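Taking it in order: structure first as structure tokens, then the write-up.
Order of the sequence lines sets the chain letters (A, B, ...), proteins ahead of strands, with each chain counted from 1. Model, not experiment: these values are computed from the prediction.
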Number of protein chains: 4
Amino acid sequence: MVEGSPLRADAQRNRARILDAAEAVFAEFGTRASTEEVARRAGLAIGTVFRHFPTKDDLLTAIMKRLLAQLVEDAGERDLFAFFGHAVAQAAAKKAAVDLLAGSGIDIRVPDALGHLSDAVGRLLTQAQDAGAVAASVRLPEVMALLASLCQGALHGGWDDHLQARTLAVVFAGLKGC
Amino acid sequence: MVEGSPLRADAQRNRARILDAAEAVFAEFGTRASTEEVARRAGLAIGTVFRHFPTKDDLLTAIMKRLLAQLVEDAGERDLFAFFGHAVAQAAAKKAAVDLLAGSGIDIRVPDALGHLSDAVGRLLTQAQDAGAVAASVRLPEVMALLASLCQGALHGGWDDHLQARTLAVVFAGLKGC
Amino acid sequence: MVEGSPLRADAQRNRARILDAAEAVFAEFGTRASTEEVARRAGLAIGTVFRHFPTKDDLLTAIMKRLLAQLVEDAGERDLFAFFGHAVAQAAAKKAAVDLLAGSGIDIRVPDALGHLSDAVGRLLTQAQDAGAVAASVRLPEVMALLASLCQGALHGGWDDHLQARTLAVVFAGLKGC
Amino acid sequence: MVEGSPLRADAQRNRARILDAAEAVFAEFGTRASTEEVARRAGLAIGTVFRHFPTKDDLLTAIMKRLLAQLVEDAGERDLFAFFGHAVAQAAAKKAAVDLLAGSGIDIRVPDALGHLSDAVGRLLTQAQDAGAVAASVRLPEVMALLASLCQGALHGGWDDHLQARTLAVVFAGLKGC
DNA sequence: CATGAATGAGGGTTCATTCAT
DNA sequence: TATGAATGAACCCTCATTCAT
């Protein structure tokens, strides 16, 4: 079953190029960067971008979904603390996506993807609490709130590694409960 | 020194009206709201707004400075924990300003104002550490980073009071050191 | 009572220039002509056109209203047959307006203006019937239908004067009843 | 003469499907409907449409020709009055074609087809005059002008059956001479 | 010959900024 | 100095047309 004509391969490649370019462009200039700039970076004509993503929002949503899916995957390979560190480290490189995660301006619905991330973090939280690494009183909503906050902070604050470590250390201490 | 001519009074009043309108408009619609909308809300013509703030960025910078100055003042009347709660609570109502603080898109330099806020928070931190309410190992940079992160998180996350309290509780526990 | 600042005069002049240019452009190229072309013909920047008519439809509606108002006025100075001749002769020069009158594509509501025209023609019809120049059985709806049809026909058919006269003669004979 | 290779059969079928789809689409949405929509409705790829009709105008011209040919055929089976009624009734269902007939926007030359229609109507006219049903003074050009006008009017005016009957009655009375 | 992805000019619209009044 | 009309670059998006597969 060879579903999809050979041309489909080109289209797939272009779709990926667009997403990569968009992620880079939006990361560099924010979501206000023009779709034209994305096309330029992807080395494609503007029409091609709109053929793949009929709306700028569609493009942003697609980026968002990809980022969240990646985070969910990343969550599977780490414990809660490592995942926090990882996510925060990623943030700086994912300006646009974090903006979107934050809901700034553009109305984007990625409930499923967000739900999956929440599920993944929930599993990490349970593991951490079972291992006694996080206080039993801590619940998922505040963990997600802290994760989002720290990603935003890292993104916009321009933290260096040292500052990031010290900041996370405070939060981790808080999670452990004391 | 002609600083006090009758016209100057008008100008000062207009400047204040513009800033108030801009804060309200940008808080409601984000920094993408048009300058024209700000003028409308201020009950002034667009030209007047640009006479006072030659650039939209200038206007945004001015709002930022005013917000930070207010925060510095607020810091003087609270302890570290109360101030965190206050700042976070404010965030939701100051969408635009927090965006700016975060540097999203528009390039704004308000080093002095930020420095003053840092100073104020530094004083609160010292007080809290002197009182044994915050671990001695905690330093100002991470406190500022946490403050900014939580403000961002509160702003974009749409936290209710309960979630805000639980989230802050984790951070406060972390600051106390345990 | 000097309502309106002096600048208003300029704006009024520009509004008129835009309407004149739009009528000419749309008459020449149809309603598909670009707003940019209208601006060019008016000797104004595109932004000015959109300041006066926030939407292309707004511009088309405005032209339509003006044309209909003119027709209503024209109706006051003629009998039914002369008015038919006049309207049909105008049609060729008013491509766009007739298109709009016909409702082609663009959704425009000018019910009031259309109603006024209908009223004016109704008066002419009554006069003609009172004078025995039109059969008593004829009613307004079909007169309006004939008027619109003939305007369309004249517009798109490129009739010369002779053909127009002969065509109208048939319709006039029909109205007289025989 | 290779006119009859198996492929030719496919091509002919596709050509017909495209014309049918185009007539339906343009009738529904006007000539502004996209060629892509036509391809979709025909169940073909856009490239196939352009292979058969290198230009959108070519497609529109082809539709026009087919419509006129059909009208010519219809004319053979009716007397002048019945044909008028038939053509006008068709108009509403042939939005696009009538648009084209009218020449609105797209520049299309279908002189031959139009000539044939004119010939057919000329025959009907002669018959009617021979039968004394139409005044001898009436000539073909104004009959064609009336026909086109009424089709336009019916198309854009949204006439109901009653209005159409009354409107045609006036024209028929005019043709009869009185 | 059919396919459908890619192209890119062009269209409607917005908005920061300028400048005549 | 305040006003608000004018400007025009830039943006998002559409669609006729081309061309590699």
Side-chain angles (χ1 to χ4, degrees), chain A residues 4-15 32-39 42-59, chain B residues 5-8 10-11 14 32-40 44-59, chain C residues 4-15 32-39 42-59, chain D residues 5-8 10-11 14 32-40 44-59:
Chain A
S5 61
L7 270 194
R8 216 56 166 227
D10 260 42
Q12 293 281 1
R13 181 156 45 251
N14 279 345
R15 195 190 139 92
R32 289 161 80 138
S34 76
T35 310
E36 200 105 21
E37 178 60 33
V38 171
L44 294 168
I46 185 67
T48 304
V49 174
F50 277 95
R51 160 174 275 266
H52 283 274
F53 305 95
T55 280
K56 190 180 184 182
D57 275 18
D58 291 337
L59 177 54
Chain B
S5 69
L7 283 183
R8 213 51 160 220
D10 255 44
N14 279 348
R32 287 158 85 127
S34 75
T35 312
E36 196 102 30
E37 177 61 32
V38 171
R40 196 150 36 235
L44 295 167
I46 184 69
T48 304
V49 173
F50 273 90
R51 165 169 293 275
H52 282 275
F53 305 95
T55 278
K56 191 180 185 182
D57 277 15
D58 292 335
L59 176 55
Chain C
S5 61
L7 269 194
R8 215 58 165 227
D10 260 45
Q12 293 280 1
R13 182 156 45 251
N14 279 345
R15 196 192 139 91
R32 288 161 81 137
S34 76
T35 311
E36 200 105 21
E37 178 59 33
V38 171
L44 294 169
I46 183 67
T48 304
V49 174
F50 276 93
R51 161 174 275 265
H52 283 275
F53 304 95
T55 279
K56 190 180 185 181
D57 275 17
D58 291 336
L59 178 55
Chain D
S5 69
L7 282 184
R8 214 49 161 220
D10 255 43
N14 279 347
R32 286 159 86 126
S34 75
T35 312
E36 196 101 32
E37 177 60 32
V38 171
R40 197 150 36 234
L44 294 168
I46 183 68
T48 304
V49 173
F50 274 89
R51 165 169 293 274
H52 283 274
F53 305 95
T55 277
K56 191 181 184 179
D57 277 15
D58 292 335
L59 177 55

Proximity to the side chain of A/Leu44 - top-ranked nucleotide from E/dG11, E/dT7, E/dT17
E/dT7

Judged by each residue's nearest nucleotide on DNA chain F, which is more toward the 5′ side, C/Ile46 or B/Ile46?
B/Ile46

From the options F/dC12, F/dT17, F/dA5, select the nucleotide whose nearest atom is closest to the side chain of A/Ser34.
F/dC12

For C/Asp58, is there any backbone N or O sitting under 3.5 Å from a side-chain donor or acceptor partner on C/Thr55?
no

Below the 4.0 Å mark, does F/dC15 have OP1 or OP2 next to a side-chain nitrogen or oxygen of D/Thr35?
no

In whole Å, I'd like the distance from the NZ atom of D/Lys56 to the P atom of F/dT18.
15 Å

By nearest heavy atom, map A/Arg15 and D/Ala45 onto DNA chain E; which one lands nearer the 5' end?
D/Ala45

Using whole Å, report how far CD of D/Glu37 lies from C1' of F/dA16.
15 Å

Could you tell me how far apart B/Arg40 (CZ) and F/dA5 (C1') are, to the nearest whole angstrom?
15 Å

Round to the nearest Å and state the distance from A/Arg51 atom CZ to E/dT3 atom P.
14 Å

What is the distance, rounded to the nearest whole Å, between atom CD of A/Glu36 and atom P of E/dT7?
13 Å

F/dT18 pairs with, by Watson-Crick or G-U criteria that keep both distances under 3.5 Å
E/dA5

Nearest nucleotide by nearest heavy atom, which residue falls closer to the 5' end of DNA chain E, A/His52 or B/Ala33?
A/His52

Within this structure, what is the CG-to-C1' distance between B/Leu59 and E/dT17, rounded to whole angstrom?
14 Å

Shortest non-hydrogen contact from B/Val49 toward B/Ala39:
CG2-CB, 3.7 Å

Which part of the nucleic acid, if any, lies within contact of C/Thr48, taking any heavy atom under 4.0 Å across all strands shown: a base, the sugar-phosphate backbone alone, or nothing?
base

Length of the CZ-P vector between C/Phe50 and F/dA5, whole Å:
17 Å

Minimum heavy-atom separation for D/His52 to D/Asn14, with atom names?
NE2-CB, 3.7 Å

Respond yes when some side-chain nitrogen or oxygen of D/Asn14 is under 4.0 Å from OP1 or OP2 of E/dA2, and no when none is.
yes

How many whole angstroms separate atom CZ of C/Phe53 from atom P of E/dT14?
15 Å

